[in-house]
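Order of listing sets the numbers, starting from 1, for every ligand and every atom in it.
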Amino acid sequence: MDSYNALYEQGVARLKQLQQLTPRMGESLQDKMEAKGISRRDFMKWSATVTSLLALPLSFQPLVAQAAEVSDRVPLIWLHMAECTGCSESLIRTDSPSLDTLIFDHVSVEYHETLMAASGMQAEENLEEAMETFKGNYLLCVEGAVPTANNGAFLRIGPKSETGLQVVTNAARNAAAIVSVGTCASFGGVQAAAPNPTGAKGVHEVVDRTVINLGGCPPSAKNIVGTLMYFIMFGKLPALDMFNRPKWAYGKRVHDNCERRGHFDAGEFVETFGDENAKDGFCLYKMGCKGPYTYNNCPTERFNAHTSWPVLAGHGCIGCSEPDFWDEMADFEKPLGRQIVKGLDASTDTVGAVILGASVLGIGAHAVTSIFAKSEEA
Ligand code: FSX
Ligand code: SF4
Ligand code: F3S
């Protein structure tokens, strides 16, 4: 509890500091919420949800609410490298702007190639000016992998034709914190899949700084906004796992919170897409689901205003938040056939029996979980 008290105090001090800065936006968050028909009550509910998402005690809720209100004091620079822009889309493409989208809109976005009106020389000047004006204080978000082969020549950006490698290393130098948004920026993503002709790498491999990795192709809006909120609130990085992903988001296996998990434990599997078992919502392991190897909060947080996530939609998880998933998790519609239960080769046909056997012996689902090869303690 002491550590929570210290964290709380840290948050209070940080927010006091931010409150003294001039807002970068004309309208307050309150004005924006009114314009979009979002009530104060919705906002309080949202701040309670974010508090629990960040694995903080409910007493932190007022801090989350205040942090959202002063998020227009925190300059954000968002760069695009080699990618599909799905990460930005995950955040902004919605027909009913959720509070997540609205908060992102409220953060002082100084540079974002997809969202800003400026282009060419003017855009380049905006970036240089933002890096100079907010030296040491801006939050840098990067979307996409960084091609490094031939000195980065596979990605050239802007009128000066700088390489992505130059742009990202320059911007990283004076950033207050760096967030890799998505699996491409985090681990190279599809660009880095074998044979990786462009030498694509994750941002953390090309900059000499700690980088927070938000795995996911794309990551959910919640994981992006939650990370921004944590930084705004405390001015520091959250606890990270072995791949530098925030533990509050990537601390649990997809398989452990999956609504089809009961069927896995009971050995009830979909055998072909669209069969009777699929209609009954059976487990997708035999259809290639990689939930047992993947760490992310998709089953609990979901996507698109909490409507769905891959497994609920009827396809297995493809492991999109894990390093090298394009190579390591393929074939996406076949089980890995890899040893997933200690000491037993759990092939497609034996996994149900293995788990059933364990149940018969009186081992509960959670004990079974704990013998999976990959440690939950990342
Ligand atoms: Fe990568 Fe983001 Fe996948 Fe796409 O840009 S994580 S390809 S969803 O959009 O970087
Ligand atoms: Fe859910 Fe996939 Fe695990 Fe089956 S294998 S319980 S569908 S995560
Ligand atoms: Fe990705 Fe699997 Fe979640 S495919 S979106 S980590 S369910």
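- Residue-ligand proximity, Arg261 to ligand 2, at heavy-atom distances under 4.0 Å covers atoms 6 (S).
- Nearest protein heavy-atom neighbour of atom 5 (O) of ligand 1: Glu143 OE2, 2.7 Å.
- In the model, Glu333 has a side-chain atom that pairs as donor or acceptor with a side-chain atom of His315 under 3.5 Å.
- In the candidate list Arg253, Lys286, His255, His315, His255 is nearest to atom 8 (S) of ligand 2, counting heavy atoms.
- Atoms of ligand 3 found under 4.0 Å from any heavy atom of Phe303 (numbered from 1 in listed order, with element): 5 (S).
- Contact atoms of ligand 1 toward Cys217: 3 (Fe), 6 (S), 7 (S), 8 (S) (distance under 4.0 Å to a heavy atom of the residue).
- Contact annotation for Asn296 and ligand 3: only side-chain heavy atoms (C-beta onward) come within less than 4.0 Å of the ligand.
- Residue contact check: Trp309 has heavy atoms under 4.0 Å from atoms 7 (S) of ligand 3.
- Here the heavy atom of the protein found nearest to atom 4 (Fe) of ligand 1 is Cys84 SG, 2.3 Å.
- In terms of protein heavy-atom proximity, atom 2 (Fe) of ligand 1 is closest to Cys87 SG, 2.2 Å.
- Glu110 and Ser108 share a donor-acceptor pair across their side chains, judged by distance under 3.5 Å alone.
- Residue Thr85 touches ligand 1 through its backbone alone, judged by heavy-atom distances below 4.0 Å.
- Distances below 4.0 Å separate heavy atoms of Arg260 from the following atoms of ligand 2: 6 (S).
- For ligand 2, the atoms closer than 4.0 angstrom to any heavy atom of Leu284 are 4 (Fe), 7 (S).
- Under the 4.5 Å side-chain heavy-atom criterion for ILVMFWY residues, a single connected hydrophobic cluster contains both Leu139 and Leu63.
- Put simply, part of Pro310 is less than 4.0 Å from ligand 3, judged by heavy atoms.
- Of the N and O atoms on the side chains of Thr307 and Asn304, not one donor lies less than 3.5 Å from an acceptor on the other residue.
- The shortest N/O to N/O separation between Gly86 and ligand 1 falls below 3.5 Å.
- Ring centroids of His255 and Tyr285 are separated by 6.0 Å or more, keeping the two rings apart.
- The shortest heavy-atom distance from Val311 to ligand 3 is not under 4.0 Å.
- Residue side and main chain included, Cys184 places an N/O/S atom under 2.8 Å of atom 1 (Fe) of ligand 1.
- Looking only at heavy atoms of the protein, atom 3 (Fe) of ligand 3 is closest to Cys298 SG, 2.3 Å.
- Note that CD of Glu322 and OH of Tyr250 are 9.5 Å apart. Values are rounded to the nearest 0.5 Å.
- For Glu259 and Trp309, the side-chain atoms include at least one donor-acceptor pair closer than 3.5 Å.
- Ring pair Phe234/Tyr230: centre-to-centre distance below 6.0 Å.
- For ligand 1, the atoms lying closer than 4.0 Å to a non-hydrogen atom of Pro218 are 8 (S).
- The closest protein non-hydrogen atom to atom 4 (S) of ligand 3 is Ile318 N, 3.1 Å.
- Atom 1 (Fe) of ligand 3 has Cys320 among its coordinating residues (N/O/S atom, backbone or side chain, under 2.8 Å).
- Taking only nitrogen or oxygen atoms, main chain and side chain alike, Thr183 does not reach within less than 3.5 Å of ligand 1.
- Within a 6.0 Å sphere centred on CG of Asp331, other residues, nucleotides and ligands contribute more than 12 heavy atoms.
- Less than 4.0 angstrom separates some heavy atom of Gly291 from each of these atoms of ligand 2: 8 (S).
- Side-chain atoms of Glu83 and Thr85 form a donor-acceptor pair, as typed in the model, at a separation below 3.5 Å.
- Contacts of Cys317 with ligand 3, taken as heavy-atom pairs under 4.0 Å, involve both backbone and side chain.
- Counting atoms of ligand 3 from 1 in the listed order, those under 4.0 Å from a heavy atom of Ser321 are 6 (S).
- Atoms of ligand 3 found under 4.0 Å from any heavy atom of Thr294 (numbered from 1 in listed order, with element): 6 (S).
- With a 6.0 Å radius and a threshold of 12 heavy atoms from other residues, nucleotides or ligands, Met44 has its CE atom above the threshold.
- For ligand 1, the atoms closer than 4.0 angstrom to any heavy atom of Glu83 are 5 (O), 10 (O).
- Summarising the local packing, CG of Asp31 is surrounded by more than 12 heavy atoms from other residues, nucleotides or ligands at distances under 6.0 Å.
- Between His80 and Trp78, the ring-plane angle classifies as tilted under the 30° and 60° cut-offs.
- For Phe332 and Trp326, the gap between ring centers is short of 6.0 Å.
- Interface of Gly216 with ligand 1, defined as ligand atoms under 4.0 Å from a residue heavy atom, comprises 6 (S).
- Between the side chains of Gln30 and Arg40, at least one donor N or O sits under 3.5 Å from an acceptor N or O.
- A donor-acceptor contact under 3.5 angstrom links the side chains of Ser88 and Glu143, judged on distance only.
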